[in-house]
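Below is one structure, written out as structure tokens; comments come after it.
Keep in mind that the numbers below use all heavy atoms, side chains included, and drop hydrogens, waters and symmetry copies. Quick note: residue numbers are just sequence positions, from 1.
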Amino acid sequence: MFTFFFIFFILLIASGILFGTFIFHHSDEQRPKRLLRHAEAKGYGFEESGLAQLHSWNQRSPIFQTGDNRQIMNVVYGPYRDVEFSLFDYMFQHGEQTISTSVLAFDLKNKGMPRFSLWPQKMIPAQALLLPEEDCVPLNLDANNMQQHYRLHTASEGTARLLFCPKTTDYLTAHPDFFVEGSGNWIVLYQLNKRRQPAQIEDMIHAGYQMLRALRLNDSRVNFEDDTEDSDSVIEERNSSTEIKT
């Protein structure tokens, strides 16, 4: 009997040590080191401090206009196929709740997109956490009952209708997975209050890139005229026979 309790006691201690090691390895204190190892393995850059990015993104789109005590940290960045990306931890305070989210941003280089926010209906929180920008108005798209899947606001209705063409809405209604906000040369994607583990980073970058393909924003031949009236907005479409592959 003594031997049984002794063995049980040893196993209990060993289990506690293993569990403690696991918790420590996955703690916020170790997160920068884990992300750095992942970035180095993939050939990406890494910056633990995101102060410069915070100044750059501040007030740029709804996610960066909400809450208090905003922070950016653990920035992984580099080229992915034909675009440049940054993926970082973003935190802010909303009342007594701390929101922590992985944000993926693509630099689209002289794209001149209309300003818009595209939020999946099934993921919008019940409380008024996000608000569209003041000059952005709701836009309903008839194709595929888009409004049943997303809430879309834009400051440029005519150009937005060109961006969200029927082929694009086909993809979006089948993949209502991300909050998407864009303007000018940047587009950001996130899932509210969901922070990715280092092993999940590649999956998020890949999923985000598929969204770019659906919007045709990875195509250098698709461009918008910035700062023009809707009636004068133009888009250079690629060949309509080109299909979007997921």
Side-chain angles (χ1 to χ4, degrees), residues 28 31-32 35-36 38-40 42-94 98-119 129-136 153-156 159-160 163 178-196 198 200-202 204-209 211-212 215 217-218 220 222-228:
D28 284 349
R31 183 172 173 82
L35 287 168
L36 173 60
H38 178 87
E40 289 178 338
K42 294 294 183 178
Y44 302 145
F46 177 79
E47 294 179 4
E48 185 173 351
S49 172
L51 187 59
Q53 287 81 5
L54 181 62
H55 289 313
S56 175
W57 284 107
N58 192 31
Q59 303 295 328
R60 178 170 280 186
S61 61
I63 186 63
F64 300 112
Q65 297 178 28
T66 189
D68 302 302
N69 301 322
R70 303 170 190 139
Q71 300 178 57
I72 288 178
M73 61 200 74
N74 300 326
V75 184
V76 178
Y77 61 91
Y80 184 81
R81 300 190 183 182
D82 48 2
V83 294
E84 297 282 337
F85 80 92
S86 296
L87 194 154
F88 48 85
D89 295 340
Y90 177 59
M91 296 177 60
F92 63 91
Q93 198 76 22
H94 180 73
T98 298
I99 306 296
S100 183
T101 297
S102 292
V103 176
L104 174 62
F106 288 109
D107 184 355
L108 302 176
K109 306 295 184 186
N110 304 316
K111 193 61 65 175
M113 283 186 302
R115 191 147 32 90
F116 71 88
S117 59
L118 182 73
W119 300 336
L129 184 62
L130 294 170
L131 294 173
E133 296 178 83
E134 291 183 357
D135 61 342
C136 289
H153 288 78
T154 182
S156 181
T159 310
L163 176 61
F178 285 97
F179 290 76
V180 186
E181 297 168 3
S183 66
N185 304 322
W186 287 93
I187 190 168
V188 298
L189 304 96
Y190 59 92
Q191 291 172 310
L192 199 59
N193 211 20
K194 181 175 181 179
R195 193 176 67 172
R196 300 297 180 115
Q200 300 172 321
I201 283 179
E202 290 302 307
M204 184 173 183
I205 297 172
H206 175 75
Y209 186 80
M211 184 71 74
L212 285 191
L215 291 165
L217 294 175
N218 69 312
S220 61
V222 177
N223 295 286
F224 300 89
E225 287 187 353
D226 200 13
D227 297 325
T228 60

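For the residue pair E181/W119, the side-chain donor-acceptor check at 3.5 Å is satisfied.
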| Derivation of the side chain to side chain contact (heavy atoms under 4.5 Å, CB included) call for F116 and V180 | CA-CA 8 Å; F116 71 88; V180 186; 3.9 Å; yes
| Test log, rule side chain to side chain contact (heavy atoms under 4.5 Å, CB included), inputs I205 and V76 | CA-CA 11 Å; I205 297 172; V76 178; 5.8 Å; no
| said: Run Y44 and V75 through side chain to side chain contact (heavy atoms under 4.5 Å, CB included) and show every step you take. | reply: CA-CA 10 Å; Y44 302 145; V75 184; over 6 Å; no
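Partners of E47 under the salt bridge (Lys or Arg N to Asp or Glu O under 4.0 Å) rule, at least two apart in sequence or in another chain, do not exist in this structure. Scored by the ring-ring contact (aromatic ring centres under 6.0 Å, His included) test, F92 finds Y90 as partners (sequence neighbours excluded). Here R196 pairs with nothing under the salt bridge (Lys or Arg N to Asp or Glu O under 4.0 Å) rule; sequence neighbours left out.
Atom CG in N218 sits 9.0 Å away from atom CZ in R81 (nearest 0.5 Å). Rounding to the nearest 0.5 angstrom, the gap separating the CG atom in L54 from the CZ atom in F64 is 8.5 Å. Going from atom CZ of F106 over to atom CH2 of W186 covers 10.5 Å, rounded to the nearest 0.5 Å. With rounding to the nearest 0.5 angstrom, the CG atom of L51 is 10.5 Å from the CD atom of Q71. Of the inter-residue distances, the one linking T101 atom OG1 with I63 atom CD1 reads 5.5 Å to the nearest 0.5 angstrom. Between atom CZ of residue R31 and atom CG of residue L36 there is a gap of 13.0 Å, rounded to the nearest 0.5 Å.
Taking all atoms of both residues into account, the shortest heavy-atom contact from G208 to L189 is CA-CD2, 4.1 Å. Across all non-hydrogen atoms, the minimal contact from N193 to S100 is OD1-N, 3.0 Å. Of all heavy-atom pairs between P62 and L130, the closest is O-CD2, 4.2 Å. When all heavy atoms of E84 and P79 are compared, the closest pair comes out as OE1-N, 3.6 Å. Across all their heavy atoms, A39 and G45 have their closest contact at CB-O, 3.9 Å. A pairwise comparison of heavy atoms in L87 and F85 identifies N-CD1, 3.9 Å as the closest pair.
Here the rule is side chain to side chain donor-acceptor pair (under 3.5 Å) with Q93, and of T98, N69, D68 only T98 fits it.
For the pair M204 and S102, the minimum side-chain heavy-atom distance is below 4.5 Å. Within the 4.5 Å cutoff, no side-chain heavy atoms of D107 are placed close to those of V83. Side-chain contact between I72 and V103: absent, with no pair of heavy atoms (C-beta onward) separated by less than 4.5 Å. Side-chain contact between I99 and M91 is absent, with no heavy-atom pair separated by less than 4.5 Å.
Side-chain atoms of T66 come within 3.5 Å of backbone atoms of L129 as a donor-acceptor pair (strictly under, hydrogens ignored). A distance-only check finds a donor-acceptor pair linking the side chain of T154 to the backbone of R115 [under 3.5 Å].
By the 30° and 60° cut-offs, the orientation of the rings of W57 relative to F88 is tilted. Using cut-offs of 30° and 60° on the angle between ring planes, the pair F179 and Y190 is parallel.
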